[in-house]
Amino acid sequence: MSVYPIILAQDKFTHRDELNYPYEERGLQFGDGVYEVIRIYNGDYYLLNEHVDRLFRSAEAIKINLSLTKDELKKLLLELLIKNKMTADGKVYLQVSRGSAPRDHVFPLNVPANMYAYLQDLPRNMENMENGVCTITQRDVRWENCYIKSLNLLPNVLAKQEAKEQGCYEAILHRDGLVTECSSSNAYLVKDGKIHTHPATNNILHGCVRMRVEKFANDLNIPFIEEGFSVEDIALADEIFLSSSTSEVMPVIKVDNKEINDGKPGTITRKLQDAYIADANITSEDALKPSV
């Protein structure tokens, strides 16, 4: 994924090679910060308002004060697209830390937050969305404030790496056998025409695409039930799928080497993929095959 040359740093624009932070930077030393990843289609942000709202919620939750308003930040992010002349599919990575200060666990006084954002190309993974992916299950060992999109992602990284080493796309996490979400996406089970997913508590990230999936389900008159399902329920599922800004609506065809729906993406997953494509205004040549 190529990184575009112009990046946003605080409220200014600079070349990516000119961005420097002191080694005593709290995001680096403590993971003391929050972030967002926003999908881009054909040079336009998808769910920009939702992502910016969540960034501010996460920052407030860990007592970081942003010097910009939401509208000011959105304006800068739009300008970032223009300055880079971006017209492709991609993503923006946006990070805010508590700032640069001598290392101390206690918050520094009168230190401005550090913020930067950069663009990358990210083509849609059509093969995975057409054919589905394989996953593993792992115990969820993360902290109890997963609704905050913080920089503290080591458990997520380890889970994702384990999935990769087993030839899989994702790790489905569970606490005491109850599925919470995945290492970098939300998880859903379909049974008897109903979608089941963990409720939006502190134990999961309240995904922006997750909120859209709920809307799509309601529009399609598909029951959307916010009740956790168990690891044992997965073997009996009619369909399993994931969602995130980079995975979109992703079918799961195998969990822990157990095939789901005979190893084929399900009908409800396909309907949600179609709804996503329409909502994101994805061009027809980049759309999936018609639902059956």
Side-chain angles (χ1 to χ4, degrees), residues 125-142 146 156 159-160 162-164 166-201 203-207 209-277 288-292:
N125 194 327
M126 300 303 295
E127 181 178 354
N128 282 345
M129 285 185 285
E130 286 277 8
N131 301 320
V133 297
C134 302
T135 66
I136 62 172
T137 58
Q138 278 216 328
R139 190 166 66 90
D140 191 342
V141 298
R142 300 170 301 164
C146 293
N156 306 62
K160 192 84 165 188
E162 182 63 26
K164 180 178 175 59
Q166 294 190 36
C168 292
Y169 180 82
E170 251 292 24
I172 298 175
L173 307 178
H174 61 89
R175 296 185 186 227
D176 300 322
L178 191 69
V179 171
T180 48
E181 54 184 345
C182 303
S183 69
S184 62
S185 52
N186 291 117
Y188 311 79
L189 177 147
V190 178
K191 184 68 177 177
D192 299 329
K194 302 174 182 178
I195 300 171
H196 301 262
T197 191
H198 195 286
T201 65
N203 287 331
I204 71 164
L205 180 68
H206 306 172
V209 176
R210 180 188 184 278
M211 291 186 285
R212 265 309 196 266
V213 167
E214 182 176 8
K215 178 184 182 300
F216 300 155
N218 291 335
D219 291 345
L220 293 165
N221 295 315
I222 301 171
F224 187 89
I225 302 170
E226 292 189 277
E227 292 179 0
F229 56 91
S230 70
V231 174
E232 288 74 19
D233 291 332
I234 292 175
L236 305 174
D238 297 328
E239 304 175 39
I240 300 286
F241 66 92
L242 317 173
S243 76
S244 74
S245 292
T246 53
S247 294
E248 301 184 10
V249 177
M250 183 67 70
V252 174
I253 58 171
K254 187 179 289 186
V255 180
D256 290 337
N257 293 316
K258 169 68 171 63
E259 281 194 346
I260 307 297
N261 191 38
D262 295 326
K264 300 175 182 177
T267 302
I268 286 179
T269 303
R270 286 296 194 221
K271 290 180 179 179
L272 294 170
Q273 287 180 318
D274 290 344
Y276 182 101
I277 288 167
L288 297 163
K289 296 176 182 176
S291 298
V292 295

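Residue numbers count from 1 along this sequence.
Looking at Gln138, its side chain never comes within 3.5 Å of a backbone N or O of Ala171 through a donor-acceptor pair. Using a distance-only test at 3.5 Å, with no hydrogens or angles considered, no donor-acceptor pair links the side chain of His196 to the main chain of Glu227. Between the side chain of Ser247 and the backbone N or O of Met250, no donor-acceptor pair lies under 3.5 Å. Distance alone, capped at 3.5 Å, is enough to place a donor-acceptor pair between the Asp238 side chain and the Asp192 backbone. Not one N or O on the side chain of Asn261 forms a donor-acceptor pair closer than 3.5 Å with the backbone of Ile253. The closest donor-acceptor contact from the side chain of Glu239 to the backbone of Ile268 lies under 3.5 Å. One N or O on the side chain of Asn218 and one on the backbone of Glu214 form a donor-acceptor pair closer than 3.5 Å.
Across every non-hydrogen atom of Lys160 and Ser183, the tightest pair is CD-OG, 3.1 Å. Counting all heavy atoms, side chain and backbone alike, Pro251 lies closest to Gln273 at CD-NE2, 3.4 Å. Here the closest non-hydrogen pair linking Ala237 and Ile260 is O-CG2, 4.2 Å.
Residues Ile172 and Ile136 fail the side-chain proximity criterion, which asks for heavy atoms closer than 4.5 Å. Side-chain atoms of Arg175 and Arg139, non-hydrogen and from C-beta on, never get closer than 4.5 Å to each other. Val213 places a side-chain heavy atom less than 4.5 Å from the side chain of Tyr188. The shortest side-chain heavy-atom distance between Phe241 and Val190 falls under the 4.5 Å cut-off. Side-chain contact between Leu205 and Cys146 is absent, with no heavy-atom pair separated by less than 4.5 Å.
Under a cutoff of 6.0 Å and an axis angle of 45°, Lys254 and Tyr169 do not form a cation-pi pair.
The existence of a salt bridge linking Arg270 and Asp274 is excluded, since no basic side-chain nitrogen approaches an acidic carboxylate oxygen closer than 4.0 Å. Under a 4.0 Å N-O distance rule, the pair Arg142/Asp140 qualifies as a salt bridge. We find that Glu226 and Arg210 are joined by a salt bridge, their nearest charged nitrogen and carboxylate oxygen being less than 4.0 Å apart.
Once rounded to the nearest 0.5 Å, the distance linking CG of Asn186 with CD1 of Ile204 reads 5.0 Å. Rounding to the nearest 0.5 Å gives a distance of 9.0 Å between CG of Asn203 and CG of Leu178. To the nearest 0.5 Å, atom CD of residue Glu162 and atom SG of residue Cys168 are 9.5 Å apart. If you take CD1 on Ile222 and CD1 on Ile195, they are separated by 5.0 Å, rounding to the nearest 0.5 Å. Atom CD of residue Glu181 and atom CD of residue Glu170 lie 9.5 Å apart, to the nearest 0.5 angstrom. To the nearest 0.5 Å, atom SG of residue Cys134 and atom CD of residue Glu259 are 8.5 Å apart.
In this structure, Phe216 and Tyr276 have perpendicular ring planes: the angle between them is above 60°, well past the 30° mark.
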(message) Working note: Met211 + His206, criterion side chain to side chain contact (heavy atoms under 4.5 Å, CB included); need CA distance, chi angles, decisive distance, verdict.
(response) CA-CA 8 Å; Met211 291 186 285; His206 306 172; 5.8 Å; no

(message) Does Thr197 form a side chain to side chain contact (heavy atoms under 4.5 Å, CB included) with Phe224? I'd like the steps, not just the answer.
(response) CA-CA 8 Å; Thr197 191; Phe224 187 89; 3.6 Å; yes

(request) Test side chain to side chain contact (heavy atoms under 4.5 Å, CB included) on Val209 and Ser244 and set out the steps. (result) CA-CA 6 Å; Val209 176; Ser244 74; 5.8 Å; no

(message) Could you walk me through whether Leu220 and Leu272 satisfy the side chain to side chain contact (heavy atoms under 4.5 Å, CB included) test, starting with their C-alpha distance in whole Å, then the side-chain angles of each, then the deciding distance to 0.1 Å, before giving a yes or no?
(response) CA-CA 9 Å; Leu220 293 165; Leu272 294 170; 4.3 Å; yes

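Here the options are Val179, Thr180, Leu189, Leu173, the test is side chain to side chain contact (heavy atoms under 4.5 Å, CB included), and the partner is His198; only Thr180 passes.
For Lys194, the NZ atom is loosely surrounded, since the number of other residues' heavy atoms within 6.0 Å does not exceed 12.
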